[in-house]
Amino acid sequence: MARALRLAERGLYTTTPNPRVGCVIVRDGHVVGEGWHERAGERHAEIHALGAAGDRARGATAYVSLEPCDHHGRTPPCVDALIAAQVGRVVAAMPDPNPCVAGAGLARLRTAGIEAQSGVLEVEARELNIGFVSRMTRGRPWLRMKLAASLDGKTALLNGKSQWITGTDARRDGHRFRARACAVLTGFGTVRDDDPRLTVREVETPRQPLRIVVDSRLGTPLDAKVLEGGGTLIFAAVADRERIAALESRGAEVIVLANGARKVDLEAMVMELGRREINEVHVEAGFRLNGSLLKTGVVDELVIYLAPCLLGDAARGLFDLPALEDLGERRALALRDVRQMGSDLRIVARFAS
């Protein structure tokens, strides 16, 4: 199963909106076939592995990092192929959270006389597909917020300048998180101050994630780099037809989702992204949008790079959050990983709840 998970990781940047899945087929203690899901719409991991195994799959054990599918999507059900190959046993790391499957795949295998079980390295399998699990169980993507700050928790100077606080190793690692995400999200303030492209450049990737801008007043300049190449998604709070038409002429798509305060309804936004089959969202925004996302309760994970420097009290902080009256009001975080990246420190944390 560990080998199946390593194979699944090869689809880290390519399988969206599908999950990352690997499969290893073992007979008489020897691997006779293996494969992984490479791209949505193409053959699943089990089909690749069965093709490699051929007749040797008969009576063998198939280790799959996710329960085999039992429904027709872009490809036929993998359960049918496993039954036709007459495998003797199927071991899945975890049940498929997709309501179209949700145990039905394993049940069909058992009905066909094939021993089937799940729950081997399940924690690791869920981590690999945390965004897919989130979308299938909550209807919204996993939202990961990346921040780069000084040791005193400052992300930019008072004048907005922030390039570059951290070193090249940390920036390259940040691009790895961009590459695995389905979408990269920022706010109008960051577009105005930094004019980012929001593309993956520091690591090789066969596809670029969707670019999203939260821009309540539709102030994004028409020559902004984030609009280059088209396809950018802009969430707004005003239905300014003239501005919408201008942005659409640059290839952008504008969605108006306003809340009572005439800001973008962030909760509605993440649900809309879920409907668009977005599994993971990578946020690189300023302290105001960061704070709003936190206050809305849609942030799942923080990836913070701390540089060994100090920027002083006047510099901008990590989040725009209201003052607390009591320490009991603080939001607890659970540290998932702490490691050094070049001269910087990377902390991955999740909210304890």
| query | If you draw the axis of the six-membered ring of F351, does the NZ or CZ of R331 fall within 45° of it and under 6.0 Å from the ring centre? | reply | yes
| said: Just checking R138: does its CZ atom have more than 12 heavy atoms from other residues, nucleotides or ligands closer to it than 6.0 angstrom? | reply: yes
| No-hydrogen, no-angle side-chain donor-acceptor test under 3.5 Å, H48 and E46 | no
| request: Check salt bridge (Lys or Arg N to Asp or Glu O under 4.0 Å) between R346 and all other residues, then give those that pass, not counting sequence neighbours. | output: D173, D337
| task | May I ask you to decide if V133's main-chain N or O and N129's side chain share a donor-acceptor pair within less than 3.5 Å? | result | no
| said: Could you check whether atom CD of E202 has more than 12 heavy atoms from other residues, nucleotides or ligands sitting under 6.0 Å from it? | reply: yes
| Row check, W164 ring normal vs R171 NZ/CZ: under 6.0 Å, within 45° | yes
| field | Partner residues of D152 under the salt bridge (Lys or Arg N to Asp or Glu O under 4.0 Å) criterion, sequence neighbours left out | value | none
| request: Verify the neighbour count for atom CD of E329: are there more than 12 heavy atoms of other residues, nucleotides or ligands below 6.0 Å? | output: yes
| Short side-chain to backbone donor-acceptor contact, R207 and T205, under 3.5 Å | no
| message | Regarding T220 and D215, do their side chains bring together a donor and an acceptor under 3.5 Å, going by distance alone? | response | yes
| If you draw a 6.0 Å radius around CZ in R288, do more than 12 non-hydrogen atoms from other residues or ligands fall strictly inside? | no
